[in-house]
Amino acid sequence: MIAVLLGACTKKQIEPVDVYPDPPAILVKFLEGGPYPATGSEGSVVKFNVTGLKGKEGQFKFFVHLTEAEIISVEENAITVKVPLGASTGAANVLINGEYYFGPTFVIKGKLSIDASFNTDAYVSNGEIKGIFRRSDNSTYFIYGRFSNYQSSATVANPITNMAVVDLNCAYRPVADQMKVGKTGVGGSLSSVIQQASGQYLLAGSFGSYDTTNGINNITRLTSAGVLETQVVDLINPDPVGFPNDGQAIVPSLNGGTSGGITKMFVSSTTGDITVVGNFTSHLSTFYERSTKTGPLVDVVKVRQLIRMKSTGAFDSTFNFNFATKEGYEGGNGFIYDAVQLNDGKIIVAGNFTTYNGTTANYIARINPTNGLIDATFNPGGVGADGAINKIRYNAVTNRILIVGAFKKYNNQEVNGVALLNADGTVDASFRFGKLTGGVPEFAAQLNNGRVIVAGTFSHYNYNYLTTPDKSVVRPGFMVLESNGSLALGYNNTGLFRGIINDMVEGTSTDLKPAVILVGDFDRFDGKAVGDIIKIKLEN
């Protein structure tokens with residue numbers, strides 16, 4: 001019995017079986033060194049060190065950044081190709097038997113490049129930059145947003161809090177030129193900043209304090225040096241004997257604000273009136289005559305999305321306010337994402353709404369500057385967009401508006417997410433945006449010369465999609481278009497862009513060529529590591 005049991009328990013040796021097939025043999029290998037030359041232009045002849053292609057002519061394709069190149073000759077350890085038209089800076093690769101083999105980067109020189117004065121290693125923000133403008137001194141720029149360091153210049157004694165002064169090449173200016181923000185500066189993020197003719201600054205965004213002063217509701221005013229502008233007010237003092245100093249207080253001079261964040265702000269150069277746009281629900285101000293030092297009496301006026309204040313911050317009841325209901329008009333039935341002001345003072349709001357003040361307004365509306373109501377003469381006979389408008393930009397020189405978003409049509413015309421509008425809201429038919437693949441557009445703005453900059457998450461662009469739907473050009477997230485929407489020749493050879501652009505300003509390069517500074521929340525431009533700001537040169 002024992003023998004039988006032992007025999008039954010004897011283990012049978014099983015030979016191991018490899019369930020995974022052997023990896024395919026490496027057919028192609030890029031070798032050390034090269035390419036030769038390392039940089040060139042469209043049409044250049046370039047040699048790459050690569051083995052495994054000799055004798056396989058006709059069985060493979062060679063690409064420069066996903067654009068097929070003409071093969072000139074194949075050697076045992078090298079291949080010579082002609083850089084194709086429309087190619088951009090990026091890695092070379094070979095496609096053979098359905099497999100890709102990647103090689104070194106070839107840099108294509110064009111009319112657009114990072115300005116030599118811009119230090120990509122040093123000029124770095126540690127957070128999103130929302131906007132940039134040229135200061136009244138005409139020799140520096142002001143950047144603002146949501147960051148606490150720039151060019152590694154922040155210190156405990158001199159903090160950087162969501163704003164900084166940089167020179168025309170984007171270098172951080174000395175501490176003596178910076179805003180005197182105190183110990184903590186802006187207690188939140190900035191989305192809109194304006195320097196007035198007097199040199200004072202108006203700050204708007206989502207913040208509740210500035211330096212050591214609390215009780216600020218998303219907007220305030222600074223002196224030209226960056227110090228909070230204040231005033232002395234009288235208060236109710238319930239115990240003047242015990243607390244004789246509680247009858248007065250030093251408070252911000254701008255006594256007004258909003259119940260939520262401000263997206264955009266506009267200021268009248270004649271009256272000093274301040275118009276703010278956002279997704280707030282009320283105007284807030286403090287009634288100091290009825291307030292104590294520990295108990296402010298806040299006056300609340302219900303008004304949505306659009307408010308005009310006097311230069312003091314007081315609510316202007318002649319603008320977007322219904323005296324019959326004692327509150328503001330209903331505004332949009334969805335969020336407002338962005339706004340611009342035209343040369344004539346009219347404001348255009350855009351976002352994710354289909355009605356404004358009860359009137360059909362598909363994702364865009366123009367506001368009458370006298371009363372804050374919807375301007376019925378905007379986009380006459382048009383139906384607007386068929387989806388949300390995420391960004392809107394206005395060029396005061398060309399008097400044109402660019403909108404970007406999730407829409408495909410505007411006024412029933414196919415526009416593929418980017419449309420150029422006249423000031424009256426109609427489509428500028430001279431510009432036609434092509435089709436994108438691999439992603440979506442997220443920013444578009446027109447330069448003063450009529451060209452258009454577009455950025456987003458896309459990988460290819462096809463201007464001629466109506467006639468040649470399969471002829472897309474590789475554009476890795478950034479491109480420059482002619483005023484008709486076609487790719488500007490020589491300006492579209494840059495490599496990978498990654499991130500979001502929020503704003504831009506035109507200027508000049510160190511050799512006095514046209515230049516553009518782009519700011520936002522991005523970490524790659526032309527394949528190089530950057531930190532939310534870049535200065536690019538545009539050759540003529």
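- Side-chain contact check for Arg400 versus Phe431: every heavy-atom pair is 4.5 Å or farther apart.
- For the side chain to side chain contact (heavy atoms under 4.5 Å, CB included) with Thr494, the qualifying choice from Arg475, Met479, Lys528 is Arg475, the only one to do so.
- Of the residues listed (Thr377, Asp375, Thr370), the one engaging Lys346 in a side-chain hydrogen bond (donor to acceptor under 3.5 Å, both in side chains) is Asp375, and it is the only one.
- In summary, the side chains of Asp386 and Asn362 do not present any donor paired with an acceptor at a separation below 3.5 Å, with no hydrogens or angles considered.
- Among all heavy-atom pairs drawn from Tyr461 and Arg432, the shortest one is OH-O, 4.1 Å.
- Put simply, the side chain of Leu254 reaches to within 4.5 Å of the side chain of Ile274, judged on heavy atoms.
- Taking 4.0 Å as the cut-off between side-chain N and carboxylate O, Asp523 and Arg498 count as a salt-bridged pair.
- Judged purely by distance below 3.5 Å, without hydrogens or angles, the side chains of Thr426 and Asp424 pair a donor atom with an acceptor atom.
- Inter-residue side-chain proximity for Asn320 and Val303 is flagged as met; some heavy-atom pair is nearer than 4.5 Å.
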Next on the checklist: Show, in sequence, the C-alpha distance, side-chain angles and deciding distance for Thr67 and Glu42, and conclude whether the side-chain contact (heavy atoms from CB on, under 4.5 Å) test is met.
Outcome noted: CA-CA 11 Å; Thr67 303; Glu42 297 168 293; over 6 Å; no
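- Of the residues listed (Asp211, Ile216, Thr223), the one engaging Leu228 in a side chain to side chain contact (heavy atoms under 4.5 Å, CB included) is Ile216, and it is the only one.
- At least one side-chain heavy atom of Ile392 sits less than 4.5 Å from a side-chain heavy atom of Ile401.
- Remark: Phe478 CZ to Leu518 CG distance equals 5.5 Å, nearest 0.5 Å.
- Side chains of Thr312 and Asn255: a donor-acceptor N/O pair is absent below 3.5 angstrom, by distance only.
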Next on the checklist: What verdict does the side-chain hydrogen bond (donor to acceptor under 3.5 Å, both in side chains) test give for Ser88 and Asn492, after you've listed the backbone C-alpha separation in whole Å, the side-chain angles of each residue and the deciding distance to 0.1 Å?
Outcome noted: CA-CA 7 Å; Ser88 53; Asn492 289 286; over 6 Å; no
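- Here the side chain of Asn462 pairs a donor or acceptor atom with the backbone of Pro469 at under 3.5 angstrom.
- A heavy-atom distance below 4.5 Å is not found between the side chains of Val349 and Gln305.
- By the 30° and 60° cut-offs, the orientation of the rings of Phe525 relative to Phe497 is perpendicular.
- The closest side-chain heavy-atom distance from Asp532 to Phe147 is not below 4.5 Å.
- A side-chain donor-acceptor contact under 3.5 Å links Ser191 to the backbone of Ile262.
- For Asn411 (side chain) and Gln413 (main-chain N/O), no donor-acceptor pair under 3.5 Å exists by modelled atom type.
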Checklist entry - side-chain contact (heavy atoms from CB on, under 4.5 Å) between Leu306 and Tyr329: does it pass, once the steps are laid out? => result CA-CA 9 Å; Leu306 179 66; Tyr329 292 93; over 6 Å; no
Checklist entry - Could you go step by step and tell me if Arg135 and Val165 meet the side-chain contact (heavy atoms from CB on, under 4.5 Å) rule? => result CA-CA 9 Å; Arg135 296 207 305 168; Val165 178; 3.8 Å; yes
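- Classification of the Phe315-Phe321 ring pair by plane angle, with boundaries at 30° and 60°, yields perpendicular.
- For the residue pair Asn343 / Tyr394, a side-chain donor-acceptor distance below 3.5 Å is found, with atom types taken as modelled.
- The shortest distance between side-chain heavy atoms of Leu203 and Met163 falls below 4.5 Å.
- Classification of Asp338 and Arg393 as a salt-bridged pair holds, one side-chain N sitting under 4.0 Å from a carboxylate O.
- A distance-only check finds no donor-acceptor pair linking the side chain of Asp299 to the backbone of Thr286 [under 3.5 Å].
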Checklist entry - Hey, mind stepping through Asn279 and Thr263 against side-chain hydrogen bond (donor to acceptor under 3.5 Å, both in side chains) and telling me if it holds? => result CA-CA 8 Å; Asn279 294 297; Thr263 301; 4.6 Å; no
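- No donor-acceptor distance shorter than 3.5 angstrom exists from the side chain of Ser192 to the backbone of Ala204, with no hydrogens or angles considered.
- No side-chain heavy atom of Phe142 sits less than 4.5 Å from a side-chain heavy atom of Val166.
- Between the side chain of Asn149 and the backbone N or O of Ala154 there is at least one donor-acceptor pair closer than 3.5 Å.
- Between the side chain of Gln178 and the backbone N or O of Arg173 there is at least one donor-acceptor pair closer than 3.5 Å.
- Among all heavy-atom pairs drawn from Tyr363 and Ala385, the shortest one is CD1-O, 3.3 Å.
- The aromatic rings of Tyr337 and Phe335 sit parallel to each other, their planes meeting at less than 30°, with 60° as the upper class boundary.
- When atom types are taken as modelled, the side chain of Gln341 and the backbone of Phe266 share no donor-acceptor pair closer than 3.5 angstrom.
- If you check the side chains of Ser198 and Gln196, you find no donor sitting under 3.5 Å from an acceptor.
- Across every non-hydrogen atom of Asn368 and Phe319, the tightest pair is O-CE1, 3.8 Å.
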Checklist entry - Going through the checks in order, is the side-chain hydrogen bond (donor to acceptor under 3.5 Å, both in side chains) test met by Asn169 and Lys535? => result CA-CA 7 Å; Asn169 294 321; Lys535 184 178 182 183; 2.8 Å; yes
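- Between Asn416 and Phe433, the shortest heavy-atom distance links the atoms ND2-O, 3.0 Å.
- Tested against Ile129, the residues Val519, Asn502, Asp521 include a single side chain to side chain contact (heavy atoms under 4.5 Å, CB included) partner, Val519.
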